[in-house]
Chemist: 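My structure is below; once you've seen it, I'll send some questions.
Computed over heavy atoms, backbone and side chain alike; hydrogens, waters and symmetry mates excluded. So you know, we letter chains A, B, ... as the sequences are listed, proteins then strands, and number each from 1.
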Number of protein chains: 2
Amino acid sequence: MEKAATYLINHRIRPSVQRMAIMKYLLEHKTHPSADEIYLALSPSMVSLSKTTVYTTLKLLTDHGAAQMITIDEHNACFDADTSTHAHFLCKSCGNIYDLFSQKDSKEVLPFDLEGHDVTEMHYYYKGFCKNCISRKDE
Amino acid sequence: MEKAATYLINHRIRPSVQRMAIMKYLLEHKTHPSADEIYLALSPSMVSLSKTTVYTTLKLLTDHGAAQMITIDEHNACFDADTSTHAHFLCKSCGNIYDLFSQKDSKEVLPFDLEGHDVTEMHYYYKGFCKNCISRKDE
DNA sequence: GTGCTTGCAAATCGTTTGCAATAGC
DNA sequence: GCTATTGCAAACGATTTGCAAGCAC
């Protein structure tokens, strides 16, 4: 069976054609696409696909823990099939969002006092100028 | 002179009546208000105030480092006059945003490998259920 | 055939823009 | 008077909603 279908079933989501296509896209494109980007990428090969379905599916995936919504860019939500704890970096020049992972030798625990709140989600966002844009400027 | 006026001048922003009112509101209300909340709170006493001015002023404050924009809630941007590095916690039940500060004995540096990117902003967001909502449920 | 899923069109709502009126040096 | 600032109304754009048609077990 396809990886995307398995992934959906494991998260207790019925694998429709549309849902599999969107899940597959998220699993294969680690670029943190927006709903619109997913729609634009898939609609040529899925002519009947509607943007509404993309939105509802992304909400479904997020609610079932099959993806996470990233709000680092205030203009539109982005999505990531990797729900493990990692940080995101938004380049203010090119707009790309990069994944940042923990350094090998550091603790997983972050230095904030949670004051008795029950934390279910953690989002670590960094903004600035990415390596590529910096070296481009130097030329 | 008023604290808000001084604060604006220190950030090289001309202190107009509207800007002072908005800055004052942010300094006195640590509740991370949205543009709309600020507008609704100020408009009774500043009848001529327009929402446009609130938006442009908040952008000005953010650009000059006199406030920071928080995108923890995907529905609308919130603002915080405290630009020091601290985390935010959004309660999914009551919608309140709380400040979280560093634990005394921990390092300031977070365990993510920045991979050579130039970081200018850091945002640490936690979501879940706040202390108050948890104890309310227990009753 | 009953309930879940999809897709269209319209609505919603936070935010931005164009532009004319106003205020402050 | 000239420039920065304000405020109205309209535009914009991402997302949501209402609802009818289609699909799956």
Side-chain angles (χ1 to χ4, degrees), chain A residues 1 4-5 8-9 11-25 32-64 66-79 90 95 97, chain B residues 1 4-5 8-9 11-25 32-64 66-79 90 95 97:
Chain A
M1 204 193 298
L8 289 176
I9 292 166
H11 288 88
R12 302 173 314 286
I13 299 169
R14 254 201 241 174
S16 72
V17 180
Q18 292 86 343
R19 289 170 181 175
M20 283 193 289
I22 292 166
M23 188 75 248
K24 187 170 191 285
Y25 188 86
H32 314 90
S34 64
D36 197 56
E37 279 164 10
I38 296 170
Y39 172 74
L40 289 175
L42 296 180
S43 58
S45 50
M46 283 191 78
V47 189
S48 78
L49 182 68
S50 82
K51 216 176 257 189
T52 307
T53 301
V54 177
Y55 277 106
T56 54
T57 300
L58 288 171
K59 178 149 187 15
L60 193 75
L61 297 180
T62 304
D63 289 347
H64 285 242
Q68 66 169 319
M69 181 192 284
I70 297 166
T71 60
I72 193 171
D73 177 2
E74 68 260 34
H75 298 300
N76 44 31
C78 300
F79 295 86
L90 170 70
I97 296 173
Chain B
M1 200 193 301
L8 289 176
I9 292 165
H11 288 88
R12 302 174 314 287
I13 299 170
R14 255 201 240 176
S16 71
V17 180
Q18 292 86 344
R19 288 170 181 175
M20 283 193 290
I22 292 166
M23 188 75 249
K24 188 170 188 287
Y25 188 85
H32 316 90
S34 64
D36 197 55
E37 279 164 10
I38 296 170
Y39 172 74
L40 290 174
L42 296 181
S43 57
S45 52
M46 283 191 79
V47 190
S48 78
L49 182 68
S50 81
K51 214 176 258 188
T52 309
T53 302
V54 177
Y55 277 105
T56 54
T57 300
L58 288 171
K59 177 148 188 16
L60 194 74
L61 297 181
T62 304
D63 289 347
H64 285 242
Q68 67 169 320
M69 181 192 283
I70 297 166
T71 60
I72 193 171
D73 177 3
E74 68 259 33
H75 299 298
N76 44 29
C78 300
F79 294 86
L90 169 70
I97 296 173

Chemist: Round to the nearest Å and state the distance from B:L58 atom CG to D:dT5 atom P.
Modeler: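 Checked: the CG to P distance equals 15 Å.
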
Chemist: Base contacts versus sugar-phosphate-only contacts with protein, heavy atoms under 4.0 Å: please encode nucleotides 7-20 of chain C as B, S and - from 5' to 3'.
Modeler: BBB----SBBB---

Chemist: Mind listing the closest non-hydrogen atom pair of B:Y25 and B:A41 along with its distance?
Modeler: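 Residues B:Y25 and B:A41, closest heavy atoms: CE1-CB, 3.5 Å.
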
Chemist: Would you kindly give the CE-to-P distance between B:M20 and C:dG24, to the nearest whole Å?
Modeler: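 Whole-Å distance recorded here is 10 Å.
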
Chemist: Quick one: list whatever passes side chain to side chain contact (heavy atoms under 4.5 Å, CB included) with A:T71, sequence neighbours left out.
Modeler: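 Checked A:T71 against side chain to side chain contact (heavy atoms under 4.5 Å, CB included); matches are A:M69, A:Y125, B:T71, B:E74.
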
Chemist: In whole angstroms, how far is the P atom of D:dT6 from the CD1 atom of B:I13?
Modeler: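 These atoms are roughly 11 Å apart.
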
Chemist: Do B:R19 side-chain atoms and B:R14 backbone N/O form a donor-acceptor pair below 3.5 Å?
Modeler: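 The answer is yes, because a donor-acceptor pair under 3.5 Å joins these two groups.
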
Chemist: Polar atoms only, N or O, under 3.5 Å: list the protein pairs with nucleotides 1-4 of chain D and their distances.
Modeler:
none

Chemist: B:Y55: what forms a ring-ring contact (aromatic ring centres under 6.0 Å, His included) with it, not counting sequence neighbours?
Modeler: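 With neighbours one apart ignored, the set is empty.
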
Chemist: Could I get the full list of side chain to side chain contact (heavy atoms under 4.5 Å, CB included) partners for A:A66, not counting sequence neighbours?
Modeler: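 Checked A:A66 against side chain to side chain contact (heavy atoms under 4.5 Å, CB included); matches are A:Y7, A:H11, A:I13, A:M23, A:L61.
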
Chemist: Test: salt bridge (charged side-chain N to carboxylate O under 4.0 Å, His left out). Region: residues 39-57 of chain A. Which pairs qualify, not counting sequence neighbours?
Modeler: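 For residues 39-57 of chain A: A:D36-A:K51.
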
Chemist: What side-chain donor-acceptor pairs closer than 3.5 Å can you find for residues 43-50 of chain B, not counting sequence neighbours?
Modeler:
| unit_1 | atom_1 | unit_2 | atom_2 | d |
| --- | --- | --- | --- | --- |
| B:S43 | OG | B:Y39 | O | 3.0 |
| B:S45 | OG | B:L42 | O | 3.2 |
| B:S50 | OG | B:T52 | N | 3.4 |
| B:S50 | OG | B:T53 | N | 3.2 |
| B:S50 | OG | B:T53 | OG1 | 3.2 |

Chemist: Taking only residues two or more places apart in sequence, or in another chain, which ones meet B:D63 in a side chain to side chain donor-acceptor pair (under 3.5 Å)?
Modeler: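 Counting only residues at least two positions away or on another chain, B:D63 forms a side chain to side chain donor-acceptor pair (under 3.5 Å) with B:K59.
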
Chemist: Between D:dT15 atom P and A:I38 atom CD1, what is the distance in whole Å?
Modeler: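 In whole Å, D:dT15 P and A:I38 CD1 are 11 Å from each other.
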
